Structures are given as structure tokens and as C-alpha cells.
Amino acid sequence: MDPMKRLDLIVSERELDRLCEALLKAGAPGYSVLRHVTGRGHAGQVSEGMEFSGFGANAHVIVFCQRDELEAIRAAINPLLDYYGGVGFVSETNPL
Amino acid sequence: MDPMKRLDLIVSERELDRLCEALLKAGAPGYSVLRHVTGRGHAGQVSEGMEFSGFGANAHVIVFCQRDELEAIRAAINPLLDYYGGVGFVSETNPL
Amino acid sequence: MDPMKRLDLIVSERELDRLCEALLKAGAPGYSVLRHVTGRGHAGQVSEGMEFSGFGANAHVIVFCQRDELEAIRAAINPLLDYYGGVGFVSETNPL
Amino acid sequence: MNASLVLQNLLSPPVLFFALGLLSVALRSDLEIPAPLPKLFSLYLLLAIGIKGGMELHASGLGGAVLLTLLASLAMAVLVPISSFAVLRTRFDTYNAAAVAAAYGSISAVTFITAETFLGALGIDFDGFMVAALALMESPAIIIGLLLVRLTAPGQPGRAEGLRWGALLHEAFLNSSVLLLVGSLLIGYLSAAFSPAGLNKLLPFTEQLFYGALSFFLLDMGIVAAQRLRELKETGAFLIGFSLLAPLLHGAVGLGVSLLLQLPQGDALLFMVLCASASYIAVPAAMRMTVPQANPSLYITSSLGLTFPFNIVVGIPLYMAAVQRFIPPG
Amino acid sequence: MNASLVLQNLLSPPVLFFALGLLSVALRSDLEIPAPLPKLFSLYLLLAIGIKGGMELHASGLGGAVLLTLLASLAMAVLVPISSFAVLRTRFDTYNAAAVAAAYGSISAVTFITAETFLGALGIDFDGFMVAALALMESPAIIIGLLLVRLTAPGQPGRAEGLRWGALLHEAFLNSSVLLLVGSLLIGYLSAAFSPAGLNKLLPFTEQLFYGALSFFLLDMGIVAAQRLRELKETGAFLIGFSLLAPLLHGAVGLGVSLLLQLPQGDALLFMVLCASASYIAVPAAMRMTVPQANPSLYITSSLGLTFPFNIVVGIPLYMAAVQRFIPPG
Amino acid sequence: MNASLVLQNLLSPPVLFFALGLLSVALRSDLEIPAPLPKLFSLYLLLAIGIKGGMELHASGLGGAVLLTLLASLAMAVLVPISSFAVLRTRFDTYNAAAVAAAYGSISAVTFITAETFLGALGIDFDGFMVAALALMESPAIIIGLLLVRLTAPGQPGRAEGLRWGALLHEAFLNSSVLLLVGSLLIGYLSAAFSPAGLNKLLPFTEQLFYGALSFFLLDMGIVAAQRLRELKETGAFLIGFSLLAPLLHGAVGLGVSLLLQLPQGDALLFMVLCASASYIAVPAAMRMTVPQANPSLYITSSLGLTFPFNIVVGIPLYMAAVQRFIPPG
Ligand SMILES: Nc1ncnc2c1ncn2[C@@H]1O[C@H](COP(=O)(O)O)[C@@H](O)[C@H]1O
Ligand SMILES: Nc1ncnc2c1ncn2[C@@H]1O[C@H](COP(=O)(O)O)[C@@H](O)[C@H]1O
Ligand SMILES: Nc1ncnc2c1ncn2[C@@H]1O[C@H](COP(=O)(O)O)[C@@H](O)[C@H]1O
Ligand code: NA
Ligand code: NA
Ligand code: NA
């Protein structure tokens with residue numbers, strides 16, 4: 001089968017719904033979400049300690065897509081990452 | 001060190017035990033499991049809302065293996081993904 | 001943008017704080033942590049059943065870094081993996 | 001029908017919290033009870049009704065009415081999925097028809113518990129052995145569902161049939177909710193018999209918190225049920241109709257059986273509720289593994305999104321009105 | 001000031017558990033209450049004060065003092081963020097000034113609850129409608145905060161302004177804590193009116209466990225607040241000063257208003273506490289989404305790391321001393 | 001030996017729930033109490049026995065018997081790991097022998113609590129200071145364990161020895177279970193002295209729910225212990241023998257000390273149980289970090305999979321029978 005792309009996005013849980021909507025609109029064939037991700041980046045330390053407040057930790061979103069689907073997703077997601085923070089990476093992958 | 005393979009499998013938590021057994025039988029040297037994965041794929045939206053019922057969300061299984069171990073794992077896992085649903089991808093990786 | 005590196009480290013939750021400190025000291029630009037990871041490796045099965053005891057399951061740490069940052073991180077992390085157990089892998093990736 | 005029964009049910013805290021859960025989804029609020037907190041309440045409720053049922057079984061003993069009632073429960077748990085299958089098969093393929101039928105042949109423990117507290121508010125007694133009926137009616141539909149698939153599906157895949165049966169029986173009779181319920185029933189019985197002091201110290205936990213825990217859990221169930229309702233488009237008019245008519249029909253049959261067995265008012269209501277409710281716990285979990293060809297959004301949306309709210313909000317007082325009409329008070 | 005009030009507060013179980021949480025972080029112990037357990041207690045506390053408030057509202061009815069008090073609450077929820085913004089703007093940019101100001105314009109439900117139990121220990125009554133004031137003061141500051149950004153920020157990004165407003169109002173009035181609190185208040189009211197037997201069965205859950213759940217939750221709050229204190233360097237002396245003086249100032253204004261309204265002692269303390277406390281739940285969550293330019297560690301560290309412990313440990317008995325000085329006992 | 005004691009223990013709700021947990025694993029049911037719910041119960045139990053112990057310490061004061069008992073506890077916490085090490089070293093390397101020895105030198109809070117409720121059912125009193133003995137016996141074995149490694153292991157890696165010691169003392173005396181237990185003990189004491197009204201409001205939480213929470217937690221402990229039993233092959237016959245004989249031996253020594261100290265029946269049972277039980281909480285967590293060369297499945301399987309069930313099911317009534325034989329009732 002053709003090589004595909006794997007996206008790894010890490011954003012605040014507060015922005016998760018917005019991100020997933022944007023992914024679907026941009027034509028992502030599916031996605032997987034892991035919540036309760038803690039970490040450290042430009043905006044400092046993120047812990048789960050504030051979870052009770054609805055403030056939440058981060059979420060890790062994984063998308064497997066075709067190469068030609070990537071451009072639309074990139075165009076939809078990068079502005080969100082710029083505005084709200086978070087990181088996004090693409091790697092090569094292949095269907096099992 | 002030799003380049004290795006990294007497998008990413010995302011399946012329903014209900015099938016997790018079966019998948020892990022199949023991995024070991026097929027000779028995987030180890031695996032890691034992240035539960036409570038939500039997402040969207042061909043079978044629609046998967047949430048954690050039914051977790052209390054034992055229905056569960058998805059699980060993300062990661063396997064690092066040698067190149068020559070891949071074929072047996074692929075042969076064992078693909079029928080499960082076909083029968084129950086879920087996705088599987090392989091990428092290149094290297095020991096740290 | 002330049003290609004970057006992605007590290008995947010899987011260690012016991014008990015060693016997590018030590019690992020993250022070492023990452024920062026070695027110059028990692030950030031990291032993300034997923035706890036509650038179960039799995040199987042050389043040291044046998046790891047489950048979440050002992051979580052109440054503070055013994056904990058595993059954690060999955062992801063680091064995205066520049067190629068030239070890798071060497072220092074490798075030098076800091078490999079001794080920890082050797083002493084306490086756990087696995088570490090590096091792959092190629094690109095900013096979205 | 002008695003309007004005050006409906007009001008009394010609607011304005012009780014558990015049902016109001018259920019409505020709050022529904023409302024919060026309708027208003028798109030971010031109110032959620034994160035996993036695994038709902039599991040805590042669901043485990044607690046099973047444990048608590050098990051203990052209570054076992055205690056009362058010990059107090060009342062196993063008389064003749066008990067055995068007949070349990071037999072009738074078993075019969076309903078076998079007949080309901082078969083007749084439902086016949087109806088559903090007219091529109092769905094074998095897999096989906098069998099999975100939905102299995103859900104309606106089994107029961108909803110929370111509906112049963114809500115009916116119990118409703119009886120409590122009315123001051124109407126019921127027997128402890130009804131919890132045994134609840135436990136007994138949970139599993140058979142799982143077996144029937146799979147049998148229906150086996151007997152009617154074209155060209156069943158032949159893989160490891162023997163083994164599969166073992167897994168199925170296991171899934172049916174040893175799944176966590178059946179095991180916890182039956183285990184707690186036995187523990188309630190045994191400790192009532194041999195350790196009454198211990199049982200007494202357990203009661204503040206199992207009884208005083210019960211109503212609050214039910215209210216809290218129904219808040220979550222309201223949220224989950226309403227989220228399911230969003231998938232109604234996929235469900236289709238036929239299944240929506242089935243979800244709302246099946247409880248009425250099965251409840252009516254349950255009333256008929258109760259009259260035959262001369263059950264008192266409380267037991268009759270609980271029996272009707274067992275017949276009228278559908279499973280969204282044990283059965284969907286079993287179907288996901290044993291009939292992966294069926295679409296979960298069909299069997300979960302109908303049982304959890306439609307039949308469950310219907311029974312909680314409208315069904316219970318309706319069945320009670322029917323009971324009061326046909327069965328004289330104790 | 002009355003030293004025994006301070007001691008009585010300091011040595012009560014909830015405050016001692018709060019101190020244990022602070023201490024455990026200071027000693028770098030690994031004591032933690034893992035998510036989502038704190039959420040369980042936070043949901044429970046909102047539900048329980050809602051029920052209690054609704055029950056008491058039903059008992060006392062909505063008199064003239066009620067409406068005036070609620071109006072005054074609303075006024076404080078609008079004026080406090082505006083005046084705080086004016087002060088904070090001298091040192092911070094628009095985004096950060098508005099976000100911190102919004103936090104101080106809103107309230108901390110846990111501080112309110114701790115003040116309630118403090119009154120309980122002193123045997124001083126208070127009115128159920130104060131919970132309505134609490135609910136009313138939670139949201140307006142969110143709107144004010146965003147208005148301040150809109151009106152004063154240079155060159156606002158023009159994206160989808162209309163839609164944003166919808167999202168904001170939604171975030172302000174339908175966020176999970178407001179919805180659960182108001183919902184429980186209504187449920188308490190309705191079931192007091194129509195289902196008193198049901199309400200009675202709920203009370204062991206909402207009342208008997210309340211003090212213990214508060215103690216447990218404050219243990220976690222101590223841990224979380226102390227972790228925030230580690231970020232004090234980033235906060236800066238100005239904001240530290242603000243975090244400790246603002247509650248005193250707002251509390252004093254609250255006392256003045258209480259005197260004008262002739263509130264009894266208990267209500268006056270609660271009103272002061274509402275004015276003096278800052279939000280670390282609804283407001284930060286809303287600001288994170290609507291003003292992502294602001295730095296969360298500023299508004300969370302000041303409200304949760306400084307103002308919250310200050311109020312719990314020192315503020316409440318201090319305000320009580322002031323109340324006792326200026327308002328004669330009931 | 002008194003058969004009715006065994007039965008009374010076996011048929012009490014907590015032990016029956018423990019058995020249900022064991023059974024569910026044996027039957028391969030999917031019953032599980034998902035993390036972090038067991039943590040909730042474990043935190044709760046520590047908090048509740050701390051409060052209770054502190055309250056009773058305040059009531060009884062610190063007499064002469066108290067200090068002697070605490071000293072004896074400390075001595076056992078030092079001697080047991082040393083003698084166990086001598087035995088275990090005959091078969092295991094230094095690392096594994098030290099880690100297992102440390103587990104047996106420390107205590108199991110849940111075994112202690114189960115013994116307390118057993119005494120409660122028999123109507124036999126015990127002193128609040130025994131909770132202080134529990135807290136005192138938790139940590140020393142961790143230090144001894146590491147000292148044994150340091151003194152006997154060939155060619156210890158030289159990295160940062162000084163720093164390691166700091167980390168070790170920290171791990172030993174400030175780990176979460178010691179801190180929560182000691183903290184709650186102090187809070188119970190302080191609030192009994194200065195805030196009895198507050199303490200009173202805490203009791204419904206810490207006392208009425210206690211027995212139920214213990215039962216629920218033991219259900220989980222049964223599951224976890226049984227899962228450990230699957231690893232018995234790795235454990236080997238020698239360690240299995242040790243796991244079953246060590247509690248008897250240590251319990252017998254504990255009885256001897258109790259006779260010397262003339263402890264009353266209740267305190268003697270609790271002292272025996274402290275000596276006879278092994279840690280599967282604080283010690284394994286500490287050993288994982290400080291002696292990573294040791295194999296966790298050895299020290300956890302023996303303490304949690306074997307010694308713990310042995311004590312819960314057989315040990316406690318056995319020790320009680322011995323107590324009743326050698327110590328006259330109060
Ligand atoms: N393209 C995708 N990218 C990432 N995750 C996916 C993708 N497709 C499916 N998944 C995950 O795999 C699960 C099962 O997929 P499916 O069987 O296609 O419904 C989904 O619920 C997602 O969590
Ligand atoms: N080959 C592998 N693939 C994926 N995860 C692994 C692998 N080997 C080990 N792990 C993970 O790393 C943890 C520690 O590994 P070990 O130190 O080998 O026991 C295991 O519990 C697994 O979660
Ligand atoms: N270099 C990195 N490697 C892995 N995760 C990162 C990295 N940088 C940021 N993150 C994750 O992304 C989140 C948001 O990043 P930021 O917006 O840079 O604060 C952080 O809290 C981390 O969880
Ligand atoms: Na049914
Ligand atoms: Na305020
Ligand atoms: Na011991």
C-alpha cells in the first residue's frame with residue numbers, strides 16, 4: 001500500500017473540541033485522542049492538578065492520513081496551534 | 001544499532017486482551033498499552049461515556065520490534081483488525 | 001523547516017520525575033507525558049493494579065527536538081534506562 | 001392515568017438529576033462526570049442492591065411464589081429476545097436484529113433501582129427475591145442473541161466454534177455486573193445469617209448513601225443518554241418506534257404474568273420494569289465481542305438513548321398506574 | 001481582632017487538612033489525589049450546597065431583602081473586575097489585566113463553603129438565598145473581562161466576532177459549575193416543594209458527608225495551591241501584593257454593602273467572602289479559551305496560590321471579627 | 001483453636017468481599033475496580049484510621065504503657081527485617097533478600113484495619129495509640145533494607161551516595177501513606193482538643209462509611225492479590241514457604257512481647273498483626289526506586305499474593321485464638 005502520513009498534535013484539553021472539528025472539516029479520515037497528557041513547552045509546565053476546575057491538562061491527537069490529505073489539514077490546524085499554542089509534527093508511516 | 005520497526009495499533013478496549021495475546025504468540029518482544037483513547041474512524045465516534053458499562057473506549061498499543069519480527073506480527077494482527085475494526089500502522093525507528 | 005527527531009521513552013512512573021529532570025538538564029526543548037501505560041517487557045507484565053500503592057504503571061514520554069539536541073539527551077537518558085529499565089527509541093519527524 | 005404519580009416521579013431528586021443531565025447536553029454545557037467516576041457509582045449501586053436483596057431473601061426465605069416468579073423471569077428473558085428478533089428482522093440484517101433483540105431481552109439495573117425508590121416513596125413493599133429475578137434476567141438474552149445469529153446467519157465463519165461457546169457462556173454468566181450482583185446477593189444472605197453485626201455496620205454505606213448515589217449516577221446517565229440521542233438519525237424511524245413501543249408491550253405482558261402469579265403490587269411493578277427495560281451494560285459489551293458485525297450505535301442508542309429515558313420518566317409511573325388499576329393493594 | 005476566632009478556624013479539620021496539603025508539597029512528599037478524584041469532590045460539593053440552598057430558599061421564600069442582596073451581588077460582580085482592571089492595567093498588558101480582573105470579580109465556591117462550615121461551628125445562621133448570590137456572582141466577570149479586552153486591546157483580531165460572543169455567553173452561563181450549582185438549587189427547591197420524602201432520603205448523602213468531603217477536597221486544594229506557589233517568581237511582587245490586598249479591600253466594601261442592606265451576621269460574612277474571593281474554576285477555564293493571549297500562570301497563581309489560602313486561613317476569621325464588630329448578633 | 005472465630009471472620013462482609021475478588025480472578029471474570037478508584041479507598045482508609053487514632057490518643061493520653069509499646073514496635077521494625085534477611089539470603093542475592101526482608105519488616109495497614117473491625121465485631125476494646133505504632137512501624141524497614149544492601153552487596157555503584165541517602169530518608173519518612181496517616185493522626189488529636197464540634201461533623205464521614213469502604217477496598221485487594229498469585233511459578237517454593245511461615249513466626253514473637261508488656265487482648269492482637277503483616281505499599285514503592293536490582297515480582301507476590309490473604313483469611317482469627325489462650329480478657 002502507499003506510504004501515508006502520521007500527525008501528532010499536542011494541545012490543551014480546552015481546545016480539543018475545536019481541533020477535532022477542524023480536523024474533520026479539513027478532511028481527516030479519522031483521529032485518535034489521548035487526554036490527561038502533562039508536559040512542558042513554551043508556556044511552561046502543564047499538570048493535571050487543575051483538572052477538577054475544568055482547566056484540564058493537554059491532549060495528544062493522532063491522525064493517520066494520505067499524503068494528499070495533509071495539505072488541507074495543515075492549513076486548518078497551524079493557525080489554531082499559532083493562536084492557542086501547542087505543537088504539531090508529521091512523520092512517514094505505512095499501513096500494517 | 002540496526003533500524004527497527006514501530007507498530008501503532010488502535011482497537012476497541014474490548015478486544016485488547018485478544019490483541020495482546022496474539023502479539024505475544026506472534027513473537028513481539030514487548031508492547032505498551034494506553035487505554036481511554038477516544039476517536040473517530042469508519043465505525044463512527046468512540047467516547048469514554050460508556051466506560052461504566054464495560055463497553056469501554058479504544059486502546060493504543062505500541063510495539064517496537066526487529067524488522068524480521070514484523071511479518072509474523074502482521075500475519076497475526078491484520079485478521080483481528082479486519083474482523084473487529086481498528087487501525088494498524090508501521091514506521092521506521094531506531095533504538096536511542 | 002528542518003527535519004527533527006522524535007523520542008519515545010517508556011519507563012516506570014516511579015522514575016518519571018527523575019527522567020523529566022534529566023531531559024530538561026540535557027536541553028530538551030519540551031516534553032509530553034502520558035501516564036497509566038501498561039505493558040510487557042524484559043521485566044515482565046506491568047499493570048495498573050498496584051496504582052493505589054504508589055507503585056504505579058509505566059509512563060510514555062515524547063520529546064520532539066532538533067537533530068543537534070539529540071546527542072546530549074541520549075547521553076543523559078541511556079544510563080537511566082540501563083539502570084532502571086525501560087525502552088527508548090528515536091524516529092524522524094517534521095514540524096507540521 | 002394518575003397524574004400525581006407522574007408528577008411524584010418527575011419531581012423526585014433522582015429523576016430531576018437525570019433531567020439535568022439531559023438538559024446539560026441539550027444546552028451544550030461542558031458538564032461531565034469523567035471516567036471512571038460513573039463506574040464507581042455503578043459498582044456501588046450493584047453492590048448495594050445485592051446486599052439489600054440478600055438480606056431480604058434471608059428474612060423472607062424461599063417460598064413457593066419465589067420459585068414461580070424466578071421461572072417466569074427466566075421465561076421472559078428467553079421469549080422477549082426471540083419475539084423481538086422476529087419483529088426486528090423485518091428491517092435489519094441478522095446481526096443487528098439479534099443484537100438489538102438481546103438488549104431488550106435483558107434488563108436495566110438502574111431502571112429497576114429507580115422503580116424500587118419510587119415504590120419506597122409511595123410506601124409500597126416489595127420482596128427481596130426480586131433482586132434475584134433481576135440477576136437471573138441479565139444473561140440469558142446474550143445466549144439467545146448468539147444462538148439466533150448462529151441459526152439464521154448465512155454462511156457463519158467457521159472459526160473455533162467450540163472455543164467461542166466457552167467464551168460466550170463465560171461472557172454471559174461471569175461478566176462483571178452479573179458477578180458483582182450475584183456475589184453481593186450471596187454476601188448479603190450469608191452475613192445476614194452468620195454475621196448480623198457485620199452486616200449492620202455495612203448498612204450506613206449501602207443504605208444511607210444509596211439515594212444520593214443513584215441521583216448522582218442518573219445525572220451521568222442523563223448526559224450519556226442525551227449524547228446517544230444525537231445519533232438518532234442513524235437509528236431510523238422503525239427502531240425509534242420499536243424503542244418506545246417494546247417497553248409498553250413487554251410491560252403489559254409482564255403485568256399479565258404478574259396477575260397469573262398473583263404477585264403483590266410492589267413485585268408486579270418490578271417485574272413489569274424488568275420486562276420493559278433493555279440492557280445497555282452487559283449485553284452491548286457482550287455483543288461487541290461476539291457479534292462484531294452488528295452496529296453498536298443501533299443497539300446502544302435504542303436501549304440507552306430511548307428506552308431508558310422513556311422508562312425512567314414516563315414508564316415507571318405508567319406501569320404503576322396499571323398495577324394499581326389491576327392489582328388490589330397488599 | 002478576636003484571636004480565638006482565628007484559632008477556631010485554624011484548628012478545624014478542613015483547614016488542618018488544607019495545611020497538610022500545603023505541608024506535603026513543602027516537604028516534597030509524593031502525596032497526591034490523582035485525577036479525577038478531586039473532580040468527584042468538587043462536583044459533590046457543588047451539588048450538595050445547591051440542594052441545601054434550594055431547600056432553604058423554599059423554606060424562607062423570596063422576600064424583599066433577597067432581591068436587594070442579589071442585586072448587590074450582581075453589582076459587585078460587575079464593579080470589582082472593572083476597578084481591578086484599572087489597577088492591574090498599570091503593570092500588565094490588557095490581556096493579563098483583564099484575565100486577572102475577571103478572576104477577582106468572580107467567586108470561589110470552596111471559600112464560600114468553608115465560611116459556611118465556619119458559621120456552622122460558631123452556631124450562627126445564614127440564609128439559603130446566599131447560595132443564589134454565589135451562583136449569580138460566578139459568571140458576570142467573565143463577560144466583563146472579555147468586554148475589557150475588546151474595548152481596550154489595540155487592533156483586536158477580527159475573526160468571527162459574532163460567533164465568539166455566542167461562545168462567550170455560553171461559556172459564562174452554561175459552564176459546568178454554574179449549571180450544576182443552579183441545577184441543584186432548582187432541584188433542591190422543587191423537591192422540597194413536591195417531593196419532601198425524596199429530599200429526605202437525599203440528605204444523608206448531601207449533609208452527613210459534606211464536612212468530610214470538604215476536608216478531603218481541601219487536602220487536595222492545599223496540594224494544588226502549594227504547587228502554584230512554586231511559580232511565584234513569575235508572578236512578581238506587584239501581583240503578590242494585589243492578591244493579598246484585593247480580598248481585604250473587596251471584603252471591606254462587602255461589609256459596607258452588608259451594613260447598608262442590614263444583612264444579619266451570617267449573611268454578611270458570606271457576602272464579604274463572595275466579594276473577597278477569586279475564581280480558579282470557571283474564570284480560568286473561560287479565559288484560557290477566550291483570551292489565550294493572557295498567561296494562565298498569572299491568573300491562576302494569584303487566585304489559587306495566594307488569595308485562596310489567604311482567605312481560608314486568615315481571611316474568614318478576620319472578616320468574621322469585622323462582622324462581629326459592626327453588626328449586632330441576630 | 002476456636003472454630004467459631006474462624007467462621008466469624010470468614011463470614012464477615014469485608015472478608016467475603018475479599019473472597020469475591022479472589023474468585024472473580026479465578027473465574028476469569030472481567031470485574032475490575034479501575035484506577036484511581038482503589039486509591040480513593042486507600043486514601044480514605046488511612047485518613048479515617050488516622051482521625052480515629054488521634055481522637056482516641058487524645059482521650060486516653062500518653063501513659064507509660066504507650067511509650068513501651070511504641071518502643072517495642074520500633075524494635076520489631078528493626079529486628080524483623082534483619083532476621084528475615086539472614087534467612088532469605090540463603091537462597092536469594094543481596095538485592096532480592098533485602099527487598100523481601102524490608103517488606104516483612106514493615107506493616108500492612110489494611111490487615112491492621114481488618115483486625116480492628118474483627119475486634120469490633122467481638123466487642124473487644126483496643127487503644128488508640130496502636131495507630132501510632134502502625135505509623136511508627138511503616139518506615140524503619142525501608143532504611144534497614146537499604147543498609148543491608150549497602151553493607152553486604154559486592155562493589156556498590158558509587159554514584160552520588162550522599163544524595164541517595166537524602167532521597168532514601170525522604171522516601172522512608174515522607175512517603176504519601178506515612179504522611180497521610182501521621183497527618184490525620186495529628187489532625188484527629190488537634191481537633192479533638194480544640195475543635196470538638198468540627199470533629200463531630202467529620203465522624204459520619206470517617207466512621208459510618210468505614211466498614212463499607214473497607215469492604216469495597218478488599219474486593220479490589222482480592223482481585224489484585226489473585227492476579228499476583230498467577231506469578232507464583234516465578235516465586236519458587238522457598239519464598240512461598242517463607243510467605244506463610246514468617247507471619248506465624250513474627251506473630252508468635254509479637255505475642256511474646258505482648259505478654260511481657262502485659263498488653264490487653266485487643267492491643268495484643270493488633271501488635272501481633274503488625275508484626276505478622278508485610279508491606280505492599282510503602283516498601284515496594286521505595287524498593288523500586290532505591291534497589292532497582294531486586295525483582296518486584298518477588299517482593300510483591302510474596303507480601304501481597306500470599307502473606308496478605310493468609311493474614312486476612314486465616315491469620316487474624318488464629319492470632320486471636322492465641323491471644324485468648326494466653327491473655328485473660330480485660
Ligand atoms: N485515520 C485515523 N487516524 C487516527 N486514528 C484513527 C483513524 N481511523 C481510525 N482511528 C482510530 O481507530 C478507531 C477504530 O477505527 P475504525 O475501526 O475505523 O472505527 C477509531 O475510533 C479511532 O480511534
Ligand atoms: N518491544 C517493546 N515494545 C513496546 N513497549 C515495550 C517494549 N519493551 C518494553 N516496553 C515497555 O517498556 C516497559 C519497560 O520495559 P522493560 O524494562 O523491558 O520491562 C514495559 O513494561 C513496556 O511498557
Ligand atoms: N518539544 C516538545 N516535545 C514534546 N512535547 C512538547 C514539546 N513542546 C511542547 N510540547 C507539548 O505541547 C504542550 C504545549 O506546548 P507549548 O504551547 O509550547 O507550551 C506542552 O505542554 C507539551 O505537552
Ligand atoms: Na427486558
Ligand atoms: Na470576588
Ligand atoms: Na511486619
Side-chain angles (χ1 to χ4, degrees), chain A residues 3 5-13 19 22-23 26 28 31-49 51 56-63 65 67 69-82 84-94, chain C residues 1-39 48 51-52 54 56-67 69-70 72-73 76-77 88-96:
Chain A
K5 293 287 180 183
R6 172 204 169 110
L7 267 76
D8 288 282
L9 311 169
I10 301 176
V11 300
S12 165
E13 285 189 18
L19 186 83
L23 281 172
Y31 57 80
S32 293
V33 177
L34 296 106
R35 286 173 59 177
H36 311 295
V37 177
T38 55
R40 178 180 274 279
H42 305 106
Q45 186 88 29
V46 171
S47 83
E48 232 185 340
E51 196 255 6
N58 292 329
H60 180 185
V61 180
I62 302 175
V63 182
C65 66
R67 282 159 170 248
E69 291 167 331
L70 182 62
E71 218 34 64
I73 297 179
R74 193 199 305 267
I77 300 308
N78 268 335
L80 286 177
L81 296 181
D82 290 346
Y84 290 115
V87 298
F89 287 88
V90 202
S91 343
E92 301 290 317
T93 193
N94 284 285
Chain C
M1 275 181 273
D2 284 350
M4 290 176 66
K5 293 288 181 183
R6 171 204 171 110
L7 267 77
D8 288 283
L9 311 168
I10 301 176
V11 300
S12 165
E13 286 190 18
R14 295 291 299 170
E15 276 90 58
L16 184 57
D17 289 348
R18 204 158 297 187
L19 186 83
C20 292
E21 271 172 41
L23 281 172
L24 287 184
K25 256 203 212 151
Y31 57 79
S32 294
V33 177
L34 296 107
R35 287 173 58 178
H36 312 294
V37 177
T38 55
E48 233 185 339
E51 196 256 6
F52 68 88
N58 291 329
H60 179 187
V61 180
I62 303 175
V63 182
F64 297 106
C65 66
Q66 304 296 333
R67 282 159 172 250
E69 291 167 330
L70 181 63
I73 296 178
I77 300 308
F89 286 87
V90 201
S91 344
E92 301 290 316
T93 193
N94 284 284
L96 181 65

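This structure is a prediction, so every number in the text was calculated from the model and none was measured.
Applying the side-chain contact (heavy atoms from CB on, under 4.5 Å) criterion to A:A76, with sequence neighbours excluded, gives A:A26.
Side chains of C:L96 and A:I73 form no contact here, defined as non-hydrogen atoms less than 4.5 Å apart.
For chain A, the nearby part of C:L24 is the side chain; its heavy atoms alone come within less than 4.5 Å.
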Got a list of the donor-acceptor pairs under 3.5 angstrom between chain C and chain A?
residue	atom	partner	partner atom	Å
C:R6	NH1	A:D8	OD1	3.4
C:R6	NH1	A:D8	OD2	2.7
C:Y31	N	A:R40	O	3.0
C:Y31	O	A:R40	N	2.9
C:V33	N	A:T38	O	2.7
C:V33	O	A:T38	N	3.0
C:T93	OG1	A:V90	O	3.0
C:T93	OG1	A:S91	OG	3.2
C:N94	N	A:V90	O	2.9
C:N94	O	A:V90	N	2.7
C:L96	N	A:G88	O	3.0
C:L96	O	A:N78	ND2	3.2

